[in-house]
Amino acid sequence: MSRSLRELLDDGAGELGMILPPADADRLLLLMMELRKWNRKINLTAITTERGIIIKHLLDSLTVVSLLPQGARLLDLGSGGGFPCIPLALVRPDLKVTSVDATLKKIHFQRHAARSLGLDNFQALQVRGDTLTESHAGSFDVVISRGFASLPEFVALAQPLLVPGGTIIAMKGSSGADEAGEAATFLEQHGLVVREVVRLRLPASGDERSFVVMRANVG
Ligand code: SAH
């Protein structure tokens with residue numbers, strides 16, 4: 001692995017306020033290589049360069065790390081090639097991570113990646129979000145998604161899966177604040193309050209990102 005890619009990852013994590021243990025950085029780069037290998041055969045991501053994957057998948061996934069409570073049961077809805085769930089499970093072994101996607105080949109990749117990385121706090125399920133309520137109602141402290149659905153669609157799926165007082169995080173491009181504003185009435189009707197809309201720029205690329213953090217309004 002070239003020094004500059006390792007530096008991109010380490011420096012980028014530093015910009016996000018994290019110091020990556022060398023073993024975690026090694027495994028994140030292994031994930032990047034496995035993603036590229038599998039992506040030649042099955043369509044997992046449109047981002048194919050090493051730098052692109054490091055910035056737009058690995059570092060982007062890690063932007064939410066500080067929002068996740070110790071030991072949280074985390075659900076990633078519509079996780080695709082495993083983002084943000086696999087990098088989060090990797091750097092936070094305290095989390096119990098469940099990943100859901102409707103597409104079997106993507107779940108196959110995620111299981112392969114999790115095995116290769118030695119993740120034992122991660123499971124990937126091939127299921128549609130709307131059928132999860134039967135089996136997993138009230139099971140998660142945090143439900144997250146990136147690039148999945150409109151805010152109201154995501155929230156409608158996520159809310160029944162949360163424990164009382166749980167957190168929903170929608171990872172968005174630059175549109176988080178606008179989407180949160182547009183969905184204000186819907187969120188209120190569903191007993192949710194927007195705790196914060198975090199805006200940031202990705203390391204190296206400077207691309208704008210935002211995430212909407214919502215909490216069930218208990219009592
Ligand atoms: N979170 C990933 C993938 C985003 S693409 C990333 O940011 O890179 C959206 C993913 O949601 C696709 O992989 C698609 O298969 C999945 N998906 C769409 N509707 C779904 C549903 N109802 N239930 C589960 N997965 C769904």
Side-chain angles (χ1 to χ4, degrees), residues 12 16 28 31-39 41-65 67-68 74-92 95 97-114 117 119 122-137 139-140 142-162 168-176 179 198 200 202-203 205 207-213:
L16 300 175
L28 285 166
L31 174 61
M32 180 267 284
M33 290 188 284
E34 289 297 321
L35 182 69
R36 293 187 82 221
K37 202 192 296 174
W38 278 57
N39 205 43
K41 302 223 172 69
I42 62 174
N43 180 26
L44 293 165
T45 174
I47 299 165
T48 56
T49 65
E50 293 166 312
R51 286 182 63 83
I53 291 170
I54 289 172
I55 297 165
K56 294 185 180 180
H57 284 318
L58 303 181
L59 293 170
D60 191 10
S61 294
L62 297 180
T63 55
V64 292
V65 129
L67 293 173
L68 306 173
L74 173 77
L75 172 69
D76 184 357
L77 267 184
S79 50
F83 303 101
C85 54
I86 294 182
L88 291 174
L90 194 159
V91 302
R92 287 283 303 273
L95 301 174
V97 178
T98 301
S99 162
V100 161
D101 202 280
T103 305
L104 185 59
K105 62 184 183 174
K106 296 183 178 178
I107 294 299
H108 279 156
F109 168 72
Q110 292 189 27
R111 289 178 181 154
H112 162 77
L117 299 167
L119 299 181
F122 177 86
Q123 62 167 340
L125 308 175
Q126 189 246 328
V127 59
R128 289 190 61 80
D130 26 293
T131 63
L132 264 184
T133 339
E134 294 153 29
S135 51
H136 289 76
S139 301
F140 299 99
V142 182
V143 181
I144 197 165
S145 74
R146 190 187 76 158
F148 172 60
S150 72
L151 205 49
E153 283 171 324
F154 170 45
V155 162
L157 286 178
Q159 197 184 20
L161 305 170
L162 275 186
I168 300 176
I169 304 174
M171 299 177 74
K172 298 283 176 181
S174 55
S175 65
E179 287 197 45
V198 179
L200 59 109
L202 287 185
S205 76
D207 289 354
E208 275 189 68
R209 292 291 184 271
S210 55
F211 32 89
V212 185
V213 184

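Every number for a ligand or one of its atoms is a count from 1 in the order of the listing. Computed from a predicted structure; not experimentally measured.
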Element-labelled atoms of ligand 1 that are located less than 4.0 Å from some non-hydrogen atom of [X]:
X      : value
Thr103 : 15 (O)
Gly129 : 21 (C), 22 (N), 23 (N), 24 (C)
Lys106 : 12 (C), 13 (O)
Gly147 : 4 (C), 5 (S), 9 (C)
Val127 : 24 (C)
Arg146 : 1 (N), 2 (C), 4 (C), 6 (C), 7 (O), 8 (O)
Asp130 : 22 (N)

Inset, instruction - Tell me, please, which residues at least two apart from Arg51 pass salt bridge (charged side-chain N to carboxylate O under 4.0 Å, His left out). - result: none
Legend entry - Aromatic ring pairing Phe83/His57, orientation class (parallel under 30°, perpendicular over 60°, tilted between):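 If you compare the ring of Phe83 with that of His57, the planes turn out parallel.
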Rounded to the nearest 0.5 Å, how far apart are [atom1] of [X] and [atom2] of [Y]?
X      : Y     : atom1 : atom2 : result
Ile144 : Leu77 : CD1   : CG    : 10.5 Å
Leu31  : Arg36 : CG    : CZ    : 12.5 Å
Leu88  : Leu62 : CG    : CG    : 6.5 Å

Inset, instruction - May I ask whether Ser79 places a heavy atom under 4.0 Å from ligand 1? - result: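 Checking ligand 1 against Ser79, which is what was asked, there is a heavy-atom contact under 4.0 Å.
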Inset, instruction - Tell me, please: is Leu157 in heavy-atom contact with ligand 1, that is, under 4.0 Å? - result: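 No, that is not the case, since the closest heavy atom of the residue is not under 4.0 Å from the ligand.
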Identify the protein heavy atom lying closest to [atom], giving its residue, its atom name and the separation to 0.1 Å.
atom                    : answer
atom 3 (C) of ligand 1  : Gly78 O, 3.4 Å
atom 16 (C) of ligand 1 : Asp101 OD2, 3.2 Å
atom 22 (N) of ligand 1 : Arg128 NH2, 3.1 Å
atom 25 (N) of ligand 1 : Ala102 N, 3.1 Å
atom 19 (N) of ligand 1 : Phe148 CE1, 3.7 Å

Inset, instruction - For the pair Asp76 (side chain) and Ser99 (backbone), establish whether a donor and an acceptor sit closer than 3.5 Å, ignoring hydrogens and angles. - result: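 Looks like no, no N/O pair under 3.5 Å.
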Inset, instruction - Return a yes/no value for Gly81: is any of its N or O atoms, backbone included, closer than 3.5 angstrom to an N or O of ligand 1? - result: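 By distance alone, the answer is no.
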Inset, instruction - Verify side-chain contact (heavy atoms from CB on, under 4.5 Å) between Glu179 and Ser210, making sure each step is shown before the conclusion. - result: CA-CA 10 Å; Glu179 287 197 45; Ser210 55; over 6 Å; no
Are side-chain heavy atoms of [X] and [Y] found at a separation under 4.5 Å?
X      : Y      : result
Leu157 : Asp130 : yes
Arg146 : Asp60  : yes
Phe148 : Met171 : no

Inset, instruction - Tell me which part of Thr45 gets within contact of ligand 1: side chain, backbone, both or neither, using heavy atoms under 4.0 Å. - result: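 Answer for Thr45: neither.
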